[in-house]
Amino acid sequence: MRLRVEFTTEPFDLDEAPAHAVVAREVIQSATLDAVDVGPFGNTVEGGADVVLTAVDALLRKSLEAGATRVSLQVNVIGERAGQDPAAAGALPDGGGR
């Protein structure tokens with residue numbers, strides 16, 4: 001399964017990147033992710049589920065330790081599990097569609 005995560009850390013500082021934002025950027029850039037887009041008001045990463053979830057765990061722990069008071073995350077599944085029938089990818093567990 002592939003995931004896309006969008007995240008921000010707060011509080012914001014428009015004059016200088018706060019320590020928690022620098023730490024978050026370092027964590028994400030050091031992970032072996034497939035795609036990383038770091039910006040001043042939001043960040044996006046993509047990769048395999050295990051790698052992304054490990055990076056998110058480190059991101060949360062280290063940015064909170066560095067002074068973040070809020071971390072906002074949005075996680076999206078962007079790819080199928082290996083071997084999964086593409087027709088079943090959008091089905092709910094009870095067999096219903098979205």
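On a predicted model such as this, the values are computed, not experimentally measured, just so you know.
Among residues two or more places apart in sequence or in another chain, the side-chain contact (heavy atoms from CB on, under 4.5 Å) test is passed with V75 by L3, V5. Remark: A31 pairs with L33, A55 by the side-chain contact (heavy atoms from CB on, under 4.5 Å) rule, at least two apart or across chains. With sequence neighbours left out, T9 forms a side-chain hydrogen bond (donor to acceptor under 3.5 Å, both in side chains) with H20.
The backbone N or O of V27 lies less than 3.5 Å from a partner atom in the side chain of S30, making a donor-acceptor pair.
The two residues V23 and S63 have their closest heavy-atom pair at CG1-N, 4.1 Å.
Note on V38: it clusters hydrophobically with V52, by side-chain heavy-atom contacts below 4.5 Å among ILVMFWY residues. Under the 4.5 Å side-chain heavy-atom criterion for ILVMFWY residues, a single connected hydrophobic cluster contains both L53 and I28.
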Quiz: residues 42-50 side-chain donor-acceptor pairs under 3.5 angstrom, not counting sequence neighbours:
| from | atom 1 | to | atom 2 | distance (Å) |
| --- | --- | --- | --- | --- |
| N43 | OD1 | G39 | N | 3.2 |
| N43 | ND2 | F7 | O | 3.2 |
| E46 | OE1 | R2 | NH2 | 3.3 |
| E46 | OE2 | R4 | NE | 2.8 |
| E46 | OE2 | R4 | NH2 | 3.0 |

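Expressed to the nearest 0.5 Å, how far CG of L73 lies from CG of L59 amounts to 6.5 Å.
Judged as a salt bridge (charged side-chain N to carboxylate O under 4.0 Å, His left out), not a single pair has a partner in residues 8-26 (not counting sequence neighbours). For residues 56-73, every residue pair satisfying the salt bridge (charged side-chain N to carboxylate O under 4.0 Å, His left out) rule, not counting sequence neighbours, is listed here: D57-R61.
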